[in-house]
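Indexing begins at 1, ligand by ligand and atom by atom, following the structure's order. This structure is a prediction, so every number in the text was calculated from the model and none was measured.
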Amino acid sequence: MSMFKVDITRPDGFTYTIREFRLEDLERVIWINRTCLPENYPAYFFIEHHRSFPKAFLVAEVGGEVMGYIMCRVELGFSFFKKATLVRKGHVISLAVRPEVRRRGIATHLMMYAMKHMKEYYGAKEYYLEVRVSNTPAISLYKKLGFQIINVIKGYYHDGEDAYLMAKPAEE
Ligand code: ACO
Ligand code: ZN
């Protein structure tokens with residue numbers, strides 16, 4: 001199967017590439033994860049997601065450097081939208097963009113392509129994620145992409161903070 005790669009140029013000339021994660025990106029992605037998020041994972045966790053859902057683990061490159069990533073998996077479970085219905089759900093596990101290149105649409109594009117691939121390659125009918133209730137930037141991003149808050153998960157994070165569970169149906 002060919003490797004996904006797309007180049008995006010903004011009207012202001014800022015250019016970046018969204019492409020599939022490769023194992024050689026591992027150290028850099030782990031570094032981005034550790035510098036951008038309090039939820040950190042061992043290397044095998046990234047490797048396992050790449051092995052299982054290669055089309056839903058993407059990175060963003062700016063000037064030849066990986067500056068952001070999205071890692072997802074697809075799970076079978078009860079629908080958030082259709083009562084008592086089992087569906088494949090695309091779960092966004094981790095998303096981060098380095099501060100130097102934020103607010104340029106990189107996370108939006110990582111999300112859009114990851115969702116497209118979860119639907120087309122792995123049969124996802126809806127998407128979901130957890131996000132800290134204090135994480136206004138991420139919550140704004142997800143709302144803009146059509147996610148809605150389904151419920152609050154009390155004490156979801158290690159430090160006791162609550163999570164919003166947010167979800168969105170896949171487009172037909
Ligand atoms: N304040 C308010 N709204 C924001 C902000 C912000 N700081 N950042 C993004 N948004 C909203 C805006 O509506 C924005 O559109 P606009 O710039 O036209 O106003 C929209 O989201 C799209 O923003 P992008 O440029 O696509 O997002 P960016 O590339 O900057 O990345 C991200 C957003 C991933 C949340 C980044 O800030 C980040 O890495 N934060 C730290 C890590 C994190 O919180 N990750 C998500 C955790 S939840 C999870 O992983 C499932
Ligand atoms: Zn999760």
Side-chain angles (χ1 to χ4, degrees), residues 6-19 21 25 28-42 45-46 48-50 52-53 56-63 65-80 87-118 122 124 126-168 170:
V6 64
D7 295 316
I8 293 157
T9 303
R10 291 167 49 84
D12 64 8
F14 183 84
T15 299
Y16 53 93
T17 300
I18 308 282
R19 62 162 174 83
F21 170 88
D25 303 319
R28 178 77 180 180
V29 165
I30 289 175
W31 176 76
I32 296 171
N33 170 253
R34 297 215 172 133
T35 54
C36 294
L37 280 167
E39 290 69 51
N40 307 134
Y41 315 100
F45 189 75
F46 295 91
E48 269 308 302
H49 282 85
H50 168 61
S52 304
F53 303 102
F57 192 164
L58 306 176
V59 298
E61 247 182 37
V62 183
E65 286 254 64
V66 173
M67 298 298 271
Y69 72 89
I70 186 168
M71 180 173 71
C72 310
R73 66 170 169 250
V74 178
E75 304 160 352
L76 190 63
F78 283 105
S79 169
F80 294 115
V87 291
R88 289 202 178 89
K89 300 189 285 191
H91 184 171
V92 180
I93 304 294
S94 188
L95 163 69
V97 173
R98 283 287 308 159
E100 304 90 306
V101 293
R102 285 181 190 163
R103 296 309 281 270
R104 289 167 170 96
I106 292 179
T108 300
H109 282 90
L110 286 168
M111 284 287 296
M112 284 172 37
Y113 285 111
M115 290 190 291
K116 182 175 193 286
H117 292 180
M118 287 193 280
Y122 310 121
E126 40 197 75
Y127 312 113
Y128 81 100
L129 53 86
E130 301 89 7
V131 59
R132 286 176 180 267
V133 297
S134 66
N135 192 347
T136 312
I139 294 164
S140 311
L141 163 74
Y142 301 139
K143 283 188 171 162
K144 208 166 182 176
L145 286 166
F147 283 73
Q148 50 179 280
I149 295 171
I150 301 293
N151 60 44
V152 179
I153 311 173
K154 284 280 170 198
Y156 181 77
Y157 295 100
H158 290 135
D159 58 5
E161 185 168 347
D162 299 344
Y164 286 132
L165 192 151
M166 298 184 73
K168 165 191 160 75

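- Put simply, the side chain of Met67 does not reach to within 4.5 Å of the side chain of Tyr16, judged on heavy atoms.
- For Gly105, a nitrogen or oxygen atom sits less than 3.5 Å from a nitrogen or oxygen atom of ligand 1, counting backbone and side chain alike.
- In summary, the aromatic rings of Phe57 and His49 are positioned with their centroids too far apart to meet the 6.0 Å limit.
- Looking at atom 10 (N) of ligand 1, its nearest protein heavy atom turns out to be Pro137 O, 3.7 Å.
- A donor and an acceptor atom, one from each side chain of Arg98 and Thr35, are located under 3.5 Å apart.
- Looking at ligand 1, you'll find an N or O of Leu95 within less than 3.5 Å of one of its N or O atoms.
- Close approach of ligand 1 to Val92 (heavy-atom distance below 4.0 Å) involves ligand atoms 51 (C).
- In this structure, the protein non-hydrogen atom closest to atom 39 (O) of ligand 1 is Val97 N, 2.9 Å.
- In this structure, the protein non-hydrogen atom closest to atom 27 (O) of ligand 1 is Ala107 CB, 3.4 Å.
- For the pair Lys89 and Phe80, the cation-pi test (distance below 6.0 Å, angle within 45°) is passed.
- Looking only at side-chain heavy atoms (C-beta outward), Arg132 and Pro38 come within less than 4.5 Å of each other.
- Protein heavy atom in closest approach to atom 20 (C) of ligand 1: Lys144 CD, 4.0 Å.
- Using a non-hydrogen distance threshold of 4.0 Å, Glu130 registers as a contact of ligand 1.
- Those atoms of ligand 1 with a heavy atom of Arg104 less than 4.0 angstrom away are 25 (O).
- Applying the 4.0 Å criterion to heavy atoms of Leu37 picks out, from ligand 1, the atoms 42 (C), 43 (C), 44 (O), 45 (N), 47 (C).
- The contact set between ligand 1 and Cys36, taken as ligand atoms under 4.0 Å from a residue heavy atom, comprises 41 (C), 42 (C).
- The aromatic rings of Phe147 and Tyr127 lie tilted to each other, with the angle between the two planes from 30° to 60°.
- Within the listing of ligand 1, atoms 50 (O) sit less than 4.0 angstrom from a heavy atom of Ser94.
- Closest to atom 49 (C) of ligand 1 among all protein heavy atoms lies Tyr142 OH, 3.4 Å.
- Of the N or O atoms in Arg103, one or more lie within a sub-3.5 Å distance of an N or O in ligand 1.
- Pairing each heavy atom of Leu110 with each of Ala60, the nearest pair is CD2-N, 4.0 Å.
- Atom 44 (O) of ligand 1 has as its closest protein heavy atom Asn135 ND2, 2.7 Å.
- With hydrogens and angles disregarded, no donor-acceptor distance shorter than 3.5 Å links the side chain of Glu130 to the backbone of Tyr156.
- What sits closest to atom 26 (O) of ligand 1 on the protein, heavy atoms only, is Thr108 OG1, 2.6 Å.
- Considering all non-hydrogen atoms of both residues, Ile139 and Val133 come closest at CD1-O, 3.6 Å.
- For the pair Tyr69 and Asn33, the minimum side-chain heavy-atom distance is below 4.5 Å.
- Between Arg28 and Glu61 there is no salt bridge, since none of the side-chain N atoms of the basic residue sits less than 4.0 Å from a carboxylate O of the acidic one.
- Nearest protein heavy-atom contact of atom 37 (O) of ligand 1 is Arg102 CD, 3.4 Å.
- Put simply, the angle at the Zn ion (ligand 2) from OE1 in Glu130 to NE2 in His91 is close to 120°, to the nearest 10°.
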